[in-house]
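Below is one structure, written out as structure tokens; comments come after it.
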Amino acid sequence: GTTHAGVVDFKIHAELLRVITYAMFWFMVLVSIFMTTVVMKQDITDTPLIDALGYNNICVFFDYSPAREIAALIYPFVELPFIGYLVLDFVTTREFWQTGQISNALYRVSQFLFPVELVLIVL
């Protein structure tokens, strides 16, 4: 960044945090798939999901140890950048509202949804 009279200016791109979130999520998924199918050689053709729904979903790879524990170790690297993204996205929305680039209605919706999003991501 640059320095002016003791103040450091730098840019943070909120979208970079979103990309990091997606990358870490898919890393977590791939590690879980590898651990479940290659390391543990778990048979995922007979699961409660198949019994109830007739098919599996991606979460089946988080159901078995040690994939479950490893995914739990990786998950903070998914969640923390996502929280950072939500905060920076709200700050950006607020700046757009302050400069008249978005309507009051859109900003009010954003104000309402921001805490809801934060609560949902940490649950």
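- With T36 contributing its side chain and I33 its backbone, the two residues share no donor-acceptor pair below 3.5 Å.
- Judged purely by distance below 3.5 Å, without hydrogens or angles, the side chains of S65 and R68 pair a donor atom with an acceptor atom.
- Both I20 and Y75 belong to a common hydrophobic cluster when Ile, Leu, Val, Met, Phe, Trp and Tyr are linked at side-chain heavy-atom distances under 4.5 angstrom.
- The CG atom of L80 sits 10.5 Å away from atom CE of M24, with the distance rounded to the nearest 0.5 Å.
- Taking CZ of R94 as the start and CD of Q111 as the end, the distance is 8.5 Å to the nearest 0.5 Å.
- Annotation for I83 and I121: closest pair CG1-CG2, 3.8 Å, computed over non-hydrogen atoms.
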task: Check the pair F62 / V29 against side-chain contact (heavy atoms from CB on, under 4.5 Å), numbers first and verdict last.
output: CA-CA 8 Å; F62 305 127; V29 169; 3.9 Å; yes

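- L86 is listed as a side-chain neighbour of F82, based on a closest heavy-atom distance under 4.5 Å.
- Across all non-hydrogen atoms, the minimal contact from A14 to D89 is CB-N, 4.2 Å.
- In the displayed structure, F77 atom CZ is contacted under 6.0 Å by at most 12 heavy atoms of other residues, nucleotides or ligands.
- Under the 4.5 Å side-chain criterion, counting only non-hydrogen atoms from C-beta, L49 is not in contact with Y55.
- For G84 against L17, the heavy-atom pair with the smallest separation is C-CD1, 3.6 Å.
- You'll find the side chain of D63 reaches within 4.5 Å of the side chain of V60, heavy atoms only.
- Residues F90 and V122 share a single hydrophobic cluster, defined by chaining ILVMFWY side chains whose heavy atoms lie under 4.5 Å apart.
- The structure places CG of L16 at 12.0 Å from OH of Y85, a figure rounded to the nearest 0.5 Å.
- F34 and Y64 fall within a single hydrophobic cluster, where Ile, Leu, Val, Met, Phe, Trp and Tyr side chains are chained together by heavy-atom contacts under 4.5 Å.
- Closest of all the heavy-atom pairs between N104 and W97 is OD1-NE1, 2.5 Å.
- Atoms CG and CD, on L106 and Q101 in that order, are 11.5 Å from each other to the nearest 0.5 Å.
- Side chain of N56 to main chain of I44: a donor-acceptor pair is present (N/O by atom type, distance under 3.5 Å, no hydrogens or angles).
- Contact check for F61 versus T37: side-chain heavy atoms found under the 4.5 Å cut-off.
- Within a 6.0 Å sphere centred on CZ of F27, heavy atoms belonging to other residues, nucleotides or ligands number 12 at most.
- For the pair M28 and A71, the tightest heavy-atom approach, listed with the atom from each and the gap, is SD-O, 3.5 Å.
- Atom CZ of F96 sits in a sparse spot, with 12 or fewer heavy atoms from other residues, nucleotides or ligands closer than 6.0 Å.
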